[in-house]
**Student:** 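Here it is, the structure in full.
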Amino acid sequence: MIRGTSAMDRAVVKPRAPWYRYAPWLAAAAALALGAAFALPFARRWAGAERVVEASRVRVAEVVRGDLERDVSVQGRVVASLHPTIYSPAPGIVSLPARVGATVTKGQILAQIESPELNSRLSQEQSTLRSLQAELDRHEIATRQAAVKAKQATDVVTLKHAAAERALKRAKSLRDEGLTNATEYEKAQDDLEIAALELKNARETAKLEAEALQFEGRSRRLQVQRQQSVVDDLLRQVGELSVVAPFDGMVAAWSAQDRDAVARNQPLLSIVNLSAFELELELPENYASDVAAGTRAEVSVQGKPFAGKVTAVSPQVRDGQVRATVAFEPPEPSGLRQNERLSTRLVLDRRAGVLKLPRGPFLESGGGRQAYVVEGGVASPRPVRVGALSVSEVEVVSGLREGERVVVSDTGGFEGARAVLLRQ
């Protein structure tokens with residue numbers, strides 16, 4: 001009986017495989033371990049993400065360093081540089097030969113005022129002027145007559161004085177010869193003294209009369225001059241009843257109708273000069289303190305930028321807006337139309353070498369104090385401080401570094417999450 005085959009069994013040793021047969025498996029294991037090491041931080045962030053958002057729904061921008069121009073963009077209305085309103089010079093009935101939109105030349109009649117009251121007053125004042133002129137002429141004739149009479153009286157007295165002198169000489173000669181008595185000689189002396197007094201009085205009287213007549217003449221001439229001024233002013237007012245164009249332009253609008261009764265200083269029409277235009281802007285009140293005369297402006301006309309500058313800023317605020325005026329610098333754009341709307345950018349400040357980001361809704365979402373920084377596909381909030389704002393960019397004062405990527409779109413949908421996964 002055979003108990004078993006164990007006595008015939010012999011152990012066989014299997015040869016060990018060479019090490020290089022396990023190299024692919026070892027490399028795969030090492031790569032897997034390395035990938036796990038790198039992916040561990042991301043996995044931890046993904047695991048800690050509170051919200052998941054499609055990456056295509058957010059806009060991410062990089063923090064860069066460069067120059068920033070603080071500006072504001074507003075809509076401007078094209079107006080003519082010269083666009084005065086013309087008023088009625090006197091009450092009356094208006095006639096309007098020109099029509100709205102009509103092209104007019106300087107000096108062309110735009111409106112005619114019929115004012116019977118003014119014409120009647122002119123006739124009255126002209127009549128008064130003629131009357132005063134006639135009185136002045138009459139006074140000048142009377143002055144010459146009085147001068148002739150005074151000369152005649154003076155000549156007669158002068159002749160009497162000469163006769164008295166001769167009589168005194170004869171009386172003295174006769175007395176010396178003893179042919180007359182002392183009484184006749186004394187009488188001749190008295191006659192000479194009387195003649196001298198009469199001559200003196202006649203000369204003084206003639207002088208006083210001449211001065212009085214000259215004074216009266218000056219008064220009458222002043223009255224004539226005053227009346228002439230009144231007539232000249234009325235002639236000017238009557239001449240202004242024909243309202244003429246102050247420059248070449250176009251009638252923009254009428255404020256009265258043909259054959260209307262108008263009062264003094266009532267608006268009649270407005271006229272515009274189409275050879276020079278400017279822009280009227282309405283700025284938000286919070287920008288008014290930064291805008292002054294001379295502020296640079298850039299106006300977009302048919303997609304092309306044109307330079308300009310602010311020429312005036314209103315000191316008054318209306319409905320939270322401040323009105324400003326911008327004038328074009330040469331070369332001026334052509335083909336502008338009255339009341340055309342143009343986009344205008346006012347350059348308030350220029351800052352060089354600052355950190356900046358594209359401007360976006362994230363400013364309103366974070367109140368300008370928080371931004372979401374993207375690292376490894378996860379956006380995390382970080383406190384930031386922003387500075388100057390422009391139309392397209394915002395200055396970063398602190399909280400971010402150059403090269404970091406930031407969500408610049410609306411972050412309100414993140415609902416304040418501490419980590420947001422941006423899923424590709």
**Student:** So, Asp71 side chain and Asp349 main chain: donor-acceptor pair closer than 3.5 Å or not?
**Tutor:** no

**Student:** For the CG atom of Leu68 and the CD atom of Glu393, what is their distance to the nearest 0.5 Å?
**Tutor:**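 Leu68 atom CG to Glu393 atom CD measures 5.5 Å (nearest 0.5 Å).
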
**Student:** Do you know which of Arg65, Arg70, Arg351, Arg350 makes salt bridge (charged side-chain N to carboxylate O under 4.0 Å, His left out) with Glu395?
**Tutor:**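 For Glu395, the salt bridge (charged side-chain N to carboxylate O under 4.0 Å, His left out) test succeeds with only one of Arg65, Arg70, Arg351, Arg350, which is Arg351.
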
**Student:** Is the backbone of Asn201 close enough, under 3.5 Å, to the side chain of Thr205 for a donor and an acceptor to pair up by distance?
**Tutor:** yes

**Student:** Could you walk me through whether Val373 and Ser380 pass side-chain contact (heavy atoms from CB on, under 4.5 Å), step by step?
**Tutor:** CA-CA 5 Å; Val373 181; Ser380 303; 5.8 Å; no

**Student:** If you count every heavy atom of other residues, nucleotides or ligands that lies below 6.0 Å from Gln302 atom CD, does the total exceed 12?
**Tutor:** no

**Student:** Can you tell me how far CZ of Phe215 sits from CZ of Arg220, rounded to the nearest 0.5 angstrom?
**Tutor:** 11.5 Å

**Student:** Would you say that Leu129 contacts Val224 through its side chain, given a criterion of any heavy-atom pair below 4.5 Å between the two side chains?
**Tutor:**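 Answer yes - side chains close enough.
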
**Student:** Under a 4.0 Å threshold between the charged nitrogen and the carboxylate oxygen, would Glu117 count as salt-bridged to Arg121?
**Tutor:** no

**Student:** Checking His161 against Leu192 for the side-chain contact (heavy atoms from CB on, under 4.5 Å) test, could you report, in this order, the C-alpha distance in whole Å, the side-chain angles of both residues, the deciding distance, and whether it holds?
**Tutor:** CA-CA 6 Å; His161 181 267; Leu192 179 59; 3.9 Å; yes

**Student:** Search all heavy atoms of Ile86 against all heavy atoms of Pro246 and return the closest pair with its distance.
**Tutor:** CD1-CD, 4.1 Å

**Student:** Between Lys207 and Glu204, does any NZ, NE, NH1 or NH2 come within less than 4.0 Å of an OD or OE carboxylate oxygen?
**Tutor:** no

**Student:** Can you tell if the side chain of Glu216 reaches within under 4.5 Å of the side chain of Leu213, non-hydrogen atoms only?
**Tutor:**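 No, their side chains stay 4.5 Å or more apart.
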
**Student:** Evaluate side-chain contact (heavy atoms from CB on, under 4.5 Å) for Leu281 paired with Leu346, printing each intermediate quantity in order.
**Tutor:** CA-CA 10 Å; Leu281 310 176; Leu346 299 180; 4.1 Å; yes

**Student:** Would you call Arg423-Glu54 a salt bridge at under 4.0 Å N-O?
**Tutor:** yes

**Student:** Quick check: closest heavy atoms across Phe277 and Leu336, and the distance to 0.1 Å?
**Tutor:** CZ-O, 3.8 Å

**Student:** Salt bridge between Arg345 and Glu69, side-chain N to carboxylate O under 4.0 Å?
**Tutor:**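 Salt bridge between Arg345 and Glu69, a charged N being under 4.0 Å from a carboxylate O: yes.
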
**Student:** Rounded to the nearest 0.5 Å, how far apart are CG of Leu283 and OG1 of Thr295?
**Tutor:**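 It comes to 9.5 Å.
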
**Student:** Between Pro84 and Ile271, is any pair of side-chain heavy atoms under 4.5 Å apart?
**Tutor:** yes

**Student:** Answer yes or no: is there a side-chain heavy-atom contact under 4.5 Å between Leu355 and Val64?
**Tutor:** no

**Student:** To the nearest 0.5 Å, what is the distance between CD (Gln126) and OG (Ser131)?
**Tutor:**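 Interatomic distance, Gln126 CD to Ser131 OG, rounded to 0.5 Å: 13.5 Å.
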
**Student:** Are more than 12 heavy atoms, taken from residues, nucleotides or ligands other than Arg236, located less than 6.0 Å from that residue's CZ atom?
**Tutor:**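 Correct, the count exceeds 12.
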
**Student:** What pair of heavy atoms forms the shortest contact from Val100 to Ala252, and how long is it?
**Tutor:**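 Closest pair (atom of Val100, atom of Ala252, distance): CG1-O, 3.3 Å.
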
**Student:** Quick one: does His83's side chain get under 4.5 Å of Glu278's, heavy atoms only?
**Tutor:**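 They are in side-chain contact.
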
**Student:** Quick check: does any side chain N or O of Asp258 sit under 3.5 Å from a backbone N or O of Leu96, one acting as donor and the other as acceptor?
**Tutor:** yes

**Student:** So do Ser409 and Val407 actually touch side chain to side chain, heavy atoms under 4.5 Å?
**Tutor:**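 Yes. Closest side-chain heavy atoms under 4.5 Å.
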
**Student:** Are the side chains of Gln112 and Val94 in touch, meaning some heavy atoms are under 4.5 Å apart?
**Tutor:** no

**Student:** Give a yes or no on whether the backbone of Ala150 and the side-chain of Thr154 come within a donor-acceptor separation of less than 3.5 Å.
**Tutor:** yes

**Student:** Ignoring hydrogens and angles, tell me if any N or O in the side chain of Asp410 forms a donor-acceptor pair with the backbone of Gly412 under 3.5 Å.
**Tutor:**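 Such a contact is found between Asp410 side chain and Gly412 backbone.
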
**Student:** Mind listing the closest non-hydrogen atom pair of Leu118 and Ala90 along with its distance?
**Tutor:**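 In this case the closest contact between Leu118 and Ala90 is CD2-CB, 4.2 Å.
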
**Student:** With a 3.5 Å cut-off and no angle check, do the side chains of Ser95 and Arg259 form a donor-acceptor pair?
**Tutor:** yes

**Student:** Which heavy atom of Gln266 sits nearest to which heavy atom of Val262, and what is that distance?
**Tutor:** OE1-CA, 3.4 Å

**Student:** Side-chain contact, heavy-atom cut-off 4.5 Å: Tyr372 with Val58?
**Tutor:**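 Answer no - side chains too far apart.
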
**Student:** Could you check Ile113 against Leu268 for side-chain contact (heavy atoms from CB on, under 4.5 Å), going step by step and ending with a plain yes or no?
**Tutor:** CA-CA 11 Å; Ile113 307 294; Leu268 294 179; 4.2 Å; yes

**Student:** Taking all non-hydrogen atoms of both residues, which atom of Lys106 and which atom of Asp248 are closest, and how far apart?
**Tutor:**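 Closest pair (atom of Lys106, atom of Asp248, distance): N-OD1, 2.6 Å.
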
**Student:** Which residue, Val79, Thr311, Val310, Val78, forms the side-chain contact (heavy atoms from CB on, under 4.5 Å) with Leu279?
**Tutor:** Val78

**Student:** Supply the atom-to-atom distance Arg296 CZ to Lys309 NZ, rounded to the nearest 0.5 angstrom.
**Tutor:** 12.5 Å

**Student:** Roughly how far, to the nearest 0.5 Å, is CZ of Arg323 from CD of Glu280?
**Tutor:**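 Result: 5.0 Å between the selected atoms.
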
**Student:** Could you point out which residue of Arg385, Arg405, Arg382 forms a side-chain contact (heavy atoms from CB on, under 4.5 Å) with Leu400?
**Tutor:** Arg382

